[in-house]
Amino acid sequence: EVSLAKAMLVSLCINIIMSVVGLGAVVRTIPAVADMFINAGLFGRDLCKKERDKKIPESMGMVSGSVFLIIMFLFLAVPFGHHFMNMQTPFPHAAFAEYLTSLLCICCMLFLGFADDVLNLKWRYKLVLPTLASLPLLMVYYVNMGSTTIVVPKPLRVWLGLTLNIGPLYYIYMAMLAVFCTNAINIYAGINGLECGQAIVIATSVAMFNIVELCGYQSKSHYFSLCLIIPFITSSVGLFFHNRYPAKAFVGDTYTYFAGMTFAVVAIIGRFSKTVLLFFLPQIFNFLYSVPQLFRLVPCPRHRLPRYNHSMDKLEPSIAEFKASAVRSPVLVVLRMLAKLRLVQFEEGLGEDGNMCSLNNLTLINLILLLLGPQHEGKLTRNLLILQGISSLMAFFIRYPLADLFF
Ligand code: UD1
Ligand code: MG
C-alpha cells in the first residue's frame, strides 16, 4: 500500500516536470511556426480589432496538442516501465489498454479538428465524428468491466432501489459527452483568450477534484486522470500566452476539439463522467441559450462573436437581422417574452416596410454585454474567466455538501 502510494507520487512528480518542460516548448514553438501556418493558408482575421487586415496564424492548438501527445508518449514508460524489468508482478494490461486508447481518442480528435480548420466541415460531421472517435475508449471500458450502474438519489430510492444499472444508456451518455464537450467549448468562443482560458479553468478544477479523490476508493482512476490533465493544463497555458488579448495566435477548432475530447476521456477513464459536467456550467448555459440559433428556429449567422465598437474601443452585443416572416409565430411569442425579461434584445417593425426584426446573437458573451453594457475585449475575457472560476466553486459545492444530502 505505502509503496504503491510512493510510486504514484514519484511518477506524478516526473509528470509535472515533463509538463513544465512542455509549457516552455509550446511557448517557444508557436512564434517559430507562425509563418509556416500563414503560408499554408491557416490564418484568420481578428474580428474585434480596429485593423482587421493583419493575418493571425490559426490552428495553433496543433502545437499544444502535439506537445501534449509527445509528453504522454514519453511518460508512458514511467507508470508501466518497471513492469518490463520486473516480471514477477503481472503486467497491468487492462490499465495499459485504457491509457493507450485514451491517447488514440485524443489524437483522433486533434486530427479531426485540424481537418475542420482546413476543410470547414459541415455541422453534421461535427456531431458524428466525435462520437466515432470515442468508440475505441468505450469498447475498452466495456471489456474492462466498466460499471454502468448509477447511484439513485435518496428521494427516488423507494421506487428504484439504491443503485440502478442503466446498461447501454450509459454508453450512449458517454459518447454524447464527447460530442457535447467538444462543441460546447467551440461555440463559447470568439474573443481573445476565451477558448483556452476556459479550458485551463475547467482542467484545473478537474485536477483539484482528482487530487481530493486521490485518497478515495477509486484512487487509481483519478491518478490516471491527473497524469493526462497536468500536461494538458501546461500545454494550454503555453497557448494562452500567445492567444490572450491582443491575440498573436488563434487556437482553431484543432484546439477546441482536442480540449473537449481530453475532458471526455479523463472523465471516462477517471470514472467521473457525471461530475465533469458540473465544471461546464457556463458552457451548458451558453448551449441552452444558443439552442434557437443552433436548431435554426431563428437565423444563425456564420459568426456570432460580439461587435467591435470603433469609437469606444469596446465590444457590444452583435445583432442578427431577419424578416419576421422567416420565423414561426410561436417563436416570436417566446422572443417577446424573453425580451420583457431582458434576456434577449429583440426589436420588431424595423426596415422600410416594417417587417424586419433584430435579435442579439444568442451567446452567453452577448448576454453578459447586454446586461453589463459594452466592455473592452481584454476585460471581457477576464470577467468571463472569473465567471468560469466561480462556477467551478459552485460545482464543488454541489458535488460535496449538496450531493451528500441526496446520496
Ligand atoms: C464558432 C461559433 C461562431 C463564432 C466562432 C468564433 C457558433 C455556432 N459558432 O464557430 O459563432 O463566431 O466560433 O470563434 O456559435 N476569431 C476572432 N477572435 C478570437 C477568436 C476567433 O476574431 O478571439 C475569429 C477569427 O476570424 C478566426 C475565427 O473566429 O479565424 C475562427 O472561427 P472558427 O473557430 O472557425 O468558427 P467556428 O468554430 O465554426
Ligand atoms: Mg472554433
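In listed order, ligands and their atoms are each counted from 1.
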Visitor: With a 4.0 Å heavy-atom cut-off (strictly under), which part of I191 contacts ligand 1: side chain, backbone, both or neither?
Guide: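 Backbone only.
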Visitor: Can you pull out every ring pair (Phe, Tyr, Trp, His ring centres under 6.0 Å) where at least one residue sits in residues 322-362? Sequence neighbours excluded, please.
Guide: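 As it turns out, there is no ring pair (Phe, Tyr, Trp, His ring centres under 6.0 Å) pair with a partner in residues 322-362 once direct neighbours are skipped.
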Visitor: Just distances here: any N/O of G190 and N/O of ligand 1 closer than 3.5 Å?
Guide: yes
Visitor: Should the pair H376 and Y245 be assigned to parallel (<30°), tilted (30 to 60°) or perpendicular (>60°) ring geometry?
Guide: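 Perpendicular, since the angle between the ring planes exceeds 60°.
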Visitor: Should you measure from each heavy atom of G44, which atoms of ligand 1 turn up under 4.0 Å away?
Guide: 30 (O)
Visitor: Any idea which of K126, R302, R244 brings a heavy atom closest to atom 35 (O) of ligand 1?
Guide: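 Residue with the shortest heavy-atom distance to the ligand atom: R302.
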Visitor: For N120, is at least one N or O under 3.5 Å away from an N or O on ligand 1?
Guide: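 No - when backbone and side-chain N and O of N120 are compared with those of ligand 1, no distance drops under 3.5 Å.
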Visitor: Quick one: do R307 and E377 make a salt bridge, cutoff under 4.0 Å?
Guide: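 Between E377 and R307 there is no salt bridge, as every charged N stays at least 4.0 Å from the carboxylate O atoms.
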Visitor: For this output row, return yes or no: ring centroids of F80 and Y99 closer than 6.0 angstrom.
Guide: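 That pair passes the under 6.0 Å test.
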Visitor: Could you tell me if any non-hydrogen atom of W123 lies under 4.0 Å from any atom of ligand 1?
Guide: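 It does; at least one heavy atom falls under 4.0 Å.
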Visitor: If you measure from each non-hydrogen atom of R304 to ligand 1, which part falls under 4.0 Å: side chain, backbone, both or neither?
Guide: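 The answer is both, backbone and side chain.
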Visitor: Which of the listed options, I187, L121, N183, holds the heavy atom that is closest to atom 7 (C) of ligand 1?
Guide: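 Of the listed residues, I187 has the closest heavy atom.
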Visitor: Would A189 count as being in polar contact with ligand 1, using the rule that some N or O on each side must be under 3.5 angstrom apart?
Guide: no
Visitor: Is any NZ, NE, NH1 or NH2 atom of the basic residue among R52 and D46 found under 4.0 Å from an Asp or Glu carboxylate oxygen of the other?
Guide: no
Visitor: Looking at N192, is its backbone amide N or carbonyl O close enough to the side chain of T381 to form a donor-acceptor pair, meaning the two atoms are under 3.5 Å apart?
Guide: yes
Visitor: Below 4.0 Å, non-hydrogen atoms only: which portion of F250 touches ligand 1? Side chain, backbone, both or neither.
Guide: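 It is the side chain that touches ligand 1; the backbone stays farther off.
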Visitor: Flag the pair F280 / Y188 as yes when their ring centroid distance falls below 6.0 Å, and as no otherwise.
Guide: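 For F280 and Y188, the ring centres are not under 6.0 Å apart.
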Visitor: Sequence neighbours left out, what passes ring-ring contact (aromatic ring centres under 6.0 Å, His included) with F287? Give chain and number order.
Guide: F180
Visitor: Start with the C-alpha distance between F279 and F396, add both sets of side-chain angles, then the distance that settles ring pair (Phe, Tyr, Trp, His ring centres under 6.0 Å), and finish with yes or no.
Guide: CA-CA 9 Å; F279 299 123; F396 276 105; 5.4 Å; yes
Visitor: Tell me every residue that passes ring-ring contact (aromatic ring centres under 6.0 Å, His included) with F91, counting only those two or more places apart in sequence or in another chain.
Guide: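 So F91 forms a ring-ring contact (aromatic ring centres under 6.0 Å, His included) with H83, F84, H93, F96.
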Visitor: So, is the end of the K55 side chain (NZ or CZ) under 6.0 Å from the ring centre of F43 and within 45° of the ring's axis?
Guide: yes
Visitor: Would H303 count as a polar contact of ligand 1, with the cut-off being nitrogen or oxygen pairs under 3.5 Å?
Guide: yes
Visitor: Assess the residue pair F114 and Y257 against the criterion (ring pair (Phe, Tyr, Trp, His ring centres under 6.0 Å)); give the C-alpha distance rounded to whole Å, side-chain angles, the decisive distance to 0.1 Å, and a yes or no.
Guide: CA-CA 9 Å; F114 195 62; Y257 285 20; over 10 Å; no
Visitor: With a cut-off of 2.8 Å, which protein N/O/S atoms are close to the Mg ion (ligand 2), if we only count those under it?
Guide: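 Sorted hits: N186 OD1, D253 OD1.
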Visitor: Suppose we measure from atom 27 (C) of ligand 1 to each protein heavy atom; which comes out shortest, and what is that distance?
Guide: E58 OE1, 3.4 Å
Visitor: Which ligand 1 atoms are under 4.0 Å away from a heavy-atom of N186?
Guide: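 Checking each atom against N186, I get 1 (C), 13 (O), 38 (O).
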Visitor: Run the numbers for me: atoms of ligand 1, each under 4.0 Å from some heavy atom of R45, listed by number.
Guide: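 Those atoms are 22 (O), 25 (C), 26 (O).
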